[in-house]
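First up is the structure itself, then whatever we jot down about it.
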Amino acid sequence: MTQTTERTRIERYDPATIEPRWQARWAELGAYHTDLHDDSRPKFYLLTMYPYPSGDLHIGHWYIKTPTDAIARYRRMHGLNVFLPIGFDAFGLPAENAAIKSGQHPRPWTMANIETMRRQLRSMGATFDWASEVVTADPSYYRWNQWLFLRFLEAGLAYRAMSPVDWCPNDGTLAREQVEGVDRRCWRCGAKVEKRDLEQWFLRTTRYADELLRFDGIDWPEPIRVQQTNWIGRSEGGEIVFPTAPSDHHPGGDQIRVFTTRPDTLFGATFMVLAPEHPLVAKLTAPDRRAEVDAYVARARDKTDIERLSVDRDKSGVPIGADAINPVNDERIPIFVGDYVLATYGTGAIMAVPAHDERDYEFAMKFRLPVRRVVAAEGTDDEAAVDGAYVAHTTGERLVNSGPYSGLPADEGGRAILASLAERGLGRPSVTYRLRDWLISRQRYWGTPIPVIYCPSDGIVPVPDDQLPVLLPDTVDYRGRGDNPLRHDPAFLETTCPKCGGPAQRETDTLDTFIDSSWYWYRYLSANKDDGPVDRAMTDRWTPVDQYTGGAEHAVMHLLYSRFFTKAMRDIGLIGEDEPFKRLFNQGQILGADGERMSKSRGNVQDPDELVRRYGADTVRLFLMFMGPWDQGGPWNERGIGGVNRFLHRVWTLAMDAHGTEPGDPDAGRLPGGEDEAAAEAAIRAAAHRTLRVVTADYEAFHWNTMVARLMELTNTLFHYRGTSVAGGPAWDEAIRLLLLMLAPAAPHVTEELWARRLEATSDPWVSIHEQSWPEVDEAAAAEETREVPIQVNGKLRDKVTVPVAIEPAELERLALAQPRVAALLAGRTPERVVNAGGRLVNIVVRD
RNA sequence: GGGCGAGUGGCGGAAUGGCAGACGCGCCGGCCUUAGGAGCCGGUGCCGCGAAAGUGGCAUAGGAGUUCGAGUCUCCUCUCGCCCACCA
């Protein structure tokens with residue numbers, strides 16, 4: 001009883017009406033407001049990096065957020081109480097730059113952008129819990145930044161120290177990217193940028209260096225762990241004291257401390273190099289060297305970091321006209337100042353061992369300094385000329401030219417040398433990190449004011465808790481100057497000392513915006529709490545975050561700061577966790593069509609609104625998932641979105657019109673392949689349940705692209721049965737039901753619509769598809785009875801044979817050999833070997 | 001310079017050491033249409049031979065190796081991307 005339905009009679013799939021309607025309905029029902037107190041179900045804290053309100057949501061935001069929403073919906077279907085919050089990283093330089101340019105205050109600019117982005121985020125159909133929204137530029141949020149800062153100050157985790165900044169005489173402190181060109185000009189006024197030392201605030205991240213190197217109990221991608229590990233850069237070695245030698249201008253006896261990872265090479269130290277900023281440079285420099293040394297130090301200060309740190313650059317330096325004494329052999333060695341030594345690493349001074357360090361070797365060659373081999377690989381002639389630095393670590397290395405230590409294996413000799421220096425108080429084992437303390441001061445307006453007051457009599461005075469928040473004034477004047485307007489706002493600046501009541505001034509620096517993002521997920525759990533930053537009962541219940549999604553570009557900044565904050569907050573007693581994010585996934589980045597990073601200035605930003613208007617949110621969501629592996633990203637290319645849209649139309653057709661046929665199909669209405677109805681129903685059930693099996697695995701692994709492909713395959717299969725005698729029957733109906741359930745987390749609107757219509761057709765009361773349980777595979781239905789086994793001869797595919805799944809291996813091999821094509825190729829030869837790969841493949845090996 | 005990742009059809013991509021190219025785009029053919037930039041059905045890695053059904057060879061950046069069997073594992077080379085870049 002095949003019915004032919006004219007296509008025009010079927011209501012068309014029209015996302016433009018369906019999607020807004022369901023979004024409104026979900027909001028009205030409060031469907032995605034998470035009851036954080038519900039402990040009847042296991043919790044699942046799903047976090048996605050909150051966006052910066054730059055003005056427009058672009059397709060990259062969709063790329064991370066819509067699959068994350070699919071995870072949320074999928075987990076809910078497994079009975080979990082899922083919390084998926086959203087907020088805005090609302091402080092920061094772009095708002096301030098826009099404000100300077102337009103004369104408009106950053107707050108209205110930011111708030112207008114947030115309003116736009118809220119609407120755009122809602123258009124995704126994502127299940128964000130807006131009730132927990134956090135906006136970091138709001139005093140109810142940044143107040144707690146201040147409060148946390150004060151606790152860190154009390155705990156000795158925050159401190160103040162001098163540090164150089166890039167300084168423009170007109171515009172004040174500049175960020176690194178605001179210094180342009182090799183001659184270092186200000187991006188706004190073109191003035192020459194200089195370095196200036198300012199007192200600034202730091203957080204003592206280095207206190208947690210060792211703990212941050214451990215990733216216990218968290219499941220993070222290997223590349224991120226490696227990057228963080230390298231960033232922290234733990235080096236074990238020794239700190240060794242080189243006393244200065246007496247000379248005409250100097251009595252000697254100053255101690256130059258160096259850090260080395262190679263105490264075994266100490267006898268090879270033939271000179272020393274101090275960083276230009278090293279405090280002893282001025283003191284030790286001989287009068288006749290002073291002019292040249294001062295000039296060199298001044299030049300080094302003016303160089304860009306990039307110039308100074310460039311590996312390709314020639315080594316530079318000047319002798320300071322003083323010597324040091326090598327503590328192991330009392331040899332006098334000359335001291336240089338050179339900018340290849342960094343003031344900020346180790347002790348800012350090195351012992352130079354040109355025979356065993358490439359940089360020192362290069363320097364020695366340039367200045368014709370002696371090179372002495374002290375470590376030799378097995379079989380090397382001790383006295384052979386040294387040609388380049390030997391830095392390798394091999395077994396069998398031994399010390400040479402090293403006094404009493406000569407002949408010892410290098411590692412053992414190194415330990416002995418260090419031990420002997422330690423006895424004389426001239427050395428000790430030491431560990432150094434590349435990780436620096438976190439400079440959190442910004443000489444900027446649009447951020448959290450640092451809550452301290454400078455009093456002429458009491459010095460640095462923390463703002464008392466009951467005077468928080470220190471509000472960022474909204475009335476400051478932007479026009480005219482680029483530096484921090486707080487410095488010119490007497491109403492903000494002038495205050496009274498909380499201790500003595502005398503006149504005092506506020507700190508005008510603001511906090512780095514990475515502070516905001518270092519704890520925002522704790523705040524989501526009690527976004528409106530006004531007597532503390534976090535609710536311990538809530539954080540105990542909900543954290544650590546079960547799954548975090550976001551870009552890998554945050555590997556060593558945000559993701560490391562967040563780990564630091566968690567440990568610091570734990571030690572202050574605010575939370576009980578060691579790590580913030582149990583599992584991390586880094587999706588790839590969507591680039592512009594030109595392969596470049598999307599940005600307004602490049603004009604390659606892809607606007608999702610237009611795509612949503614053309615195809616609907618479900619298509620855009622699905623297309624982004626279908627493009628390729630989620631962790632890969634790639635250049636944006638719209639080609640192919642039509643295919644995904646067509647797929648949803650086909651799903652619609654299957655669900656709405658089982659009995660329809662298409663005039664273009666010559667086999668329309670007939671069961672495929674001569675199947676009878678029983679075989680057809682079995683085939684439909686098998687297809688549906690096998691799809692369910694692989695699709696479930698794909699959801700678990702975030703393999704969206706193959707998940708969509710499997711559903712397309714199932715849809716194609718079902719189309720072959722559409723309009724036949726089994727269409728609309730029980731097997732068909734089950735397959736449609738499974739198809740909709742499997743698609744629901746990814747394409748929530750169209751599946752909700754079709755689900756509602758199914759319920760309506762059977763007069764059942766409406767229940768959201770998103771409240772259904774994830775279906776279970778019927779293994780019996782999915783099981784296969786026969787299998788096609790490829791047969792290879794010498795590894796080349798030659799034939800295939802269809803056999804019962806349970807076939808005996810011997811029988812399979814017999815069948816394989818009996819295939820006419822195989823037999824012809826064997827030409828009477830006896831196989832040397834028959835490989836039976838678990839019944840999945842047979843390979844017959846025969847010698848020529 | 002170091003670290004990490006990746007090189008597969010015209011394109012995006014798929015493939016627990018076991019049929020390379022699933023799925024989609026594009027393209028070709030057909031159906032249906034007054035029409036088609038809609039819909040449906042079928043075909044489509046490359047090179048031979050063949051009228052065709054077929055059939056043989058070559059193919060996962062290049063080269064070697066391990067294996068009955070390699071896109072997948074090992075080594076070398078090349079190219080691209082990202083991150084870090086004189087960290088003693």
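Side-chain atoms are counted along with the backbone in the values below, which use heavy atoms only and exclude waters and symmetry mates. A note on names: the letters A, B, ... follow the listed sequences, proteins ahead of strands, and every chain is numbered from 1.
Distance noted for atom C1' between B/rG13 and B/rG63: 27 Å (whole Å). With both ends at atom P, the span from B/rG9 to B/rC4 equals 27 Å, rounded to whole Å. Between B/rC11 and B/rG62, the two P atoms lie 15 Å apart (nearest whole Å). Separation of the P atoms belonging to B/rA35 and B/rC47 is 36 Å when rounded to the nearest angstrom. With both ends at atom C1', the span from B/rU72 to B/rG17 equals 7 Å, rounded to whole Å.
Comparing A/Y345 and A/R821, the nucleotide of RNA chain B nearest to each residue sits closer to the 5' end for A/R821.
The distance between atom CG of A/L342 and atom P of B/rA85, rounded to the nearest whole Å, is 11 Å. Between the P atom of B/rG18 and the CG atom of A/L841 lies a distance of 10 Å, rounded to the nearest Å. Computed from coordinates, the A/F719 CZ to B/rG42 P distance equals 11 Å when rounded to whole Å. The distance from atom CZ of A/F647 to atom C1' of B/rC23 is 10 Å, rounded to the nearest whole Å.
Within the structure, a side-chain polar atom (N or O) of A/K796 is placed less than 4.0 Å from OP1 or OP2 of B/rC58. Applying the 4.0 Å criterion to OP1 and OP2 of B/rG24, one finds that A/N716 has a side-chain N or O inside that range. For A/T653, no side-chain nitrogen or oxygen approaches OP1 or OP2 of B/rG39 to under 4.0 Å. For A/R650 and B/rC23, the shortest distance from a side-chain N or O to OP1 or OP2 is not below 4.0 Å. Between A/R646 and B/rG24 there is no side-chain polar atom (N or O) within less than 4.0 angstrom of OP1 or OP2.
A salt bridge does not link A/E610 with A/R613: every distance from a Lys NZ or Arg NE/NH1/NH2 to an Asp or Glu carboxylate oxygen is 4.0 Å or more. Between A/D657 and A/R722, at least one side-chain N (NZ, or NE/NH1/NH2) sits under 4.0 Å from a carboxylate O, which counts as a salt bridge.
Ring pair A/F623/A/W636: centre-to-centre distance below 6.0 Å. Taking the six-membered ring for Trp and the full ring otherwise, the centers of A/F271 and A/F363 sit less than 6.0 Å from each other.
With a cut-off of 3.5 Å on both Watson-Crick or G-U wobble distances, the partner of B/rA22 is given as none.
Among the heavy atoms of the strands lying under 4.0 Å from A/N230 are primed sugar atoms or P, OP1, OP2 only; no base atom is included. Across all strands shown, A/S235 has heavy atoms under 4.0 Å from sugar-phosphate atoms exclusively, and none from any base. A/R798 comes within 4.0 angstrom of the backbone, heavy atoms only, and of no base.
Using a 30° and 60° split on the angle between ring planes, A/Y561 and A/W438 fall in the parallel class, below 30°.
Counting only heavy atoms from C-beta on, A/Q227 has its side chain closest to B/rC83 among B/rG39, B/rC83, B/rG3. For A/P223, whose side chain is taken as the heavy atoms from C-beta onward, the closest listed nucleotide among B/rC40, B/rC86, B/rC4 is B/rC4.
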Original post:
What does nucleotides 10-17 of chain B look like as a protein-contact string, B for base, S for sugar-phosphate only, - for none, at under 4.0 angstrom between heavy atoms?
Top reply: BSBSS-B-
Expected list for residues 704-714 of chain A: side-chain donor-acceptor pairs under 3.5 angstrom, two or more places apart:
residue: A/T706; atom: OG1; partner: A/D698; partner atom: OD1; Å: 3.2
residue: A/T706; atom: OG1; partner: A/D698; partner atom: OD2; Å: 3.1
residue: A/T706; atom: OG1; partner: A/H703; partner atom: O; Å: 3.1
residue: A/R710; atom: NH1; partner: A/E713; partner atom: OE1; Å: 3.2

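For B/rG9, the base is syn relative to its sugar; the glycosidic angle is within 90° of 0.
In the model, A/R563 has a side-chain atom that pairs as donor or acceptor with a side-chain atom of A/Q228 under 3.5 Å.
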